[in-house]
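This report refers to the structure that appears directly beneath it.
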Amino acid sequence: MTRDERVRLAVVDVEPIALHTRHPRSAVQLIGDAGRGKTTHLLSLRHHLPDSAYVYLPEDQPCPAIPMGHPLLIDEAQRLPRAVRRAVVRSGVPLVLATHRDLAPKLRRGGYQVIARRIGAEPDTQHLRELLNRRIRWCRLGDGPVPELSPADARDLVTRFGSDIRGIEDFLYDRVQQQAYSDGEMRFVDRVG
């Protein structure tokens with residue numbers, strides 16, 4: 001999906017985060033493992049807040065130029081080099097950081113008020129079902145009925161993968177490919193008994 005498509009298909013509430021970023025020296029950390037929705041939150045905020053700026057920090061590559069925005073949205077913020085992090089903190093601009101590590105102590109030393117949101121800490125089968133069914137409808141190839149994940153499918157996927165949306169999507173992609181040319185009903189999850 002493109003960034004715009006991810007935003008259009010997102011099932012996130014960014015308003016509380018946006019409200020917090022109205023204050024000077026405010027920071028919101030979106031903390032979670034890979035595949036939980038941190039980037040989707042940031043991209044949705046970028047769309048919601050026209051004065052914001054988004055930057056992704058790639059692994060094992062030089063740090064890109066940090067744009068100016070209000071707020072500044074930094075994806076993979078745990079990769080910020082020390083000197084760049086200090087410059088960002090000195091700027092005092094509101095921040096939203098997607099990170100795997102808690103950066104609050106460093107931010108507080110710089111005078112920031114920090115709140116943290118754990119992304120994917122509590123798997124929500126209803127949320128997962130809505131998100132995945134939106135994405136399934138989006139990737140349809142032709143006319144006709146579109147299969148949907150049932151509540152039982154969503155529960156089974158959460159039991160198997162927890163809140164790992166990326167892992168679930170990879171699994172579902174493989175399942176659909178295995179059944180692409182069958183004449184039967186699409187089964188996202190096989191159940192025994």
Side-chain angles (χ1 to χ4, degrees), residues 1-59 61 63-64 66-82 84-89 91-132 134-135 158 161-170:
M1 289 183 283
T2 66
R3 287 181 178 177
D4 287 340
E5 290 165 337
R6 285 179 77 171
V7 169
R8 197 172 68 247
L9 297 172
V11 182
V12 296
D13 180 12
V14 296
E15 188 60 33
I17 298 169
L19 286 173
H20 187 73
T21 63
R22 291 183 181 165
H23 305 290
R25 291 203 172 273
S26 62
V28 177
Q29 292 188 112
L30 306 174
I31 302 173
D33 293 330
R36 291 341 192 248
K38 296 181 305 294
T39 298
T40 298
H41 274 80
L42 289 182
L43 294 174
S44 295
L45 277 164
R46 175 70 187 106
H47 179 75
H48 185 76
L49 300 168
D51 293 334
S52 65
Y54 170 87
V55 64
Y56 172 80
L57 305 179
E59 189 171 19
Q61 293 182 27
C63 183
I66 304 298
M68 289 307 298
H70 195 279
L72 176 56
L73 314 171
I74 303 177
D75 202 349
E76 300 292 349
Q78 77 278 354
R79 297 178 184 159
L80 271 172
R82 181 178 294 152
V84 176
R85 185 182 64 237
R86 285 182 182 151
V88 167
V89 169
S91 76
V93 67
L95 301 170
V96 182
L97 309 174
T99 179
H100 298 270
R101 283 196 336 258
D102 184 0
L103 303 172
K106 295 170 176 129
L107 294 167
R108 286 190 182 109
R109 279 194 299 274
Y112 275 82
Q113 292 182 336
V114 183
I115 62 170
R117 290 186 65 185
R118 295 264 172 206
I119 305 296
E122 295 292 325
D124 177 345
T125 56
Q126 183 176 340
H127 176 263
L128 176 72
R129 185 171 176 245
E130 181 180 351
L131 170 69
L132 292 173
R134 279 185 188 190
R135 292 180 179 185
V158 165
F161 293 96
S163 61
D164 183 2
I165 296 166
R166 191 174 302 148
I168 291 170
E169 285 182 332
D170 289 346

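L30 places a side-chain heavy atom less than 4.5 Å from the side chain of V28. Between V93 and P71 the shortest side-chain heavy-atom distance does not fall below 4.5 Å. Counting only heavy atoms from C-beta outward, the side chains of H47 and L43 never approach each other to under 4.5 Å. With a 4.5 Å cut-off on side-chain heavy atoms, R82 and R86 count as touching. At a threshold of 4.5 Å between non-hydrogen side-chain atoms, the residues T39 and Y54 count as touching. P94 places none of its side-chain heavy atoms less than 4.5 Å from the side chain of S52. No side-chain heavy atom of R117 sits under 4.5 Å from any side-chain heavy atom of V96.
With sequence neighbours excluded, no residue forms a salt bridge (Lys or Arg N to Asp or Glu O under 4.0 Å) with R166. With sequence neighbours left out, E5 forms a salt bridge (Lys or Arg N to Asp or Glu O under 4.0 Å) with no residue at all.
Of all non-hydrogen atoms in G167 and F161, the two that sit nearest each other are O-CE2, 3.8 Å. For C63 against L57, the heavy-atom pair with the smallest separation is SG-CD2, 3.9 Å. Residues V84 and I66 approach most closely at CG1-CG1, 3.6 Å, considering heavy atoms. Y56 and P64 get closest at one heavy-atom pair: O-CG, 3.5 Å.
Under the side chain to side chain donor-acceptor pair (under 3.5 Å) criterion, the residue pairs touching residues 24-33 are Q29-D102, with sequence neighbours excluded. Residue pairs meeting the salt bridge (Lys or Arg N to Asp or Glu O under 4.0 Å) criterion with at least one partner in residues 38-54, sequence neighbours excluded, do not occur; the list is empty.
Atom CG in L95 sits 10.0 Å away from atom NE2 in H70 (nearest 0.5 Å). Distance check, rounded to the nearest 0.5 Å: CG of L42 to CZ of R6 gives 9.5 Å. Atom CZ of R101 sits about 10.5 Å away from atom CD1 of I31, to the nearest 0.5 Å. Atom OG1 in T40 sits 9.5 Å away from atom CG in D75 (nearest 0.5 Å).
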Show which side-chain atoms of residues 11-23 pair as donor or acceptor with protein atoms under 3.5 Å away, not counting sequence neighbours.
{"residue": "D13", "atom": "OD1", "partner": "E15", "partner atom": "N", "Å": "3.3"}
{"residue": "E15", "atom": "OE1", "partner": "H48", "partner atom": "NE2", "Å": "2.8"}
{"residue": "T21", "atom": "OG1", "partner": "A18", "partner atom": "O", "Å": "2.7"}

Quick one: side chains of residues 103-111, donor-acceptor pairs under 3.5 Å with protein atoms, not counting sequence neighbours, listed by atom name and distance.
none

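Of the N and O atoms on the side chains of E76 and Q78, at least one donor lies less than 3.5 Å from an acceptor on the other residue.
When R118, R36, H127 are each tested for a side chain to side chain donor-acceptor pair (under 3.5 Å) with S163, only one passes: R36.
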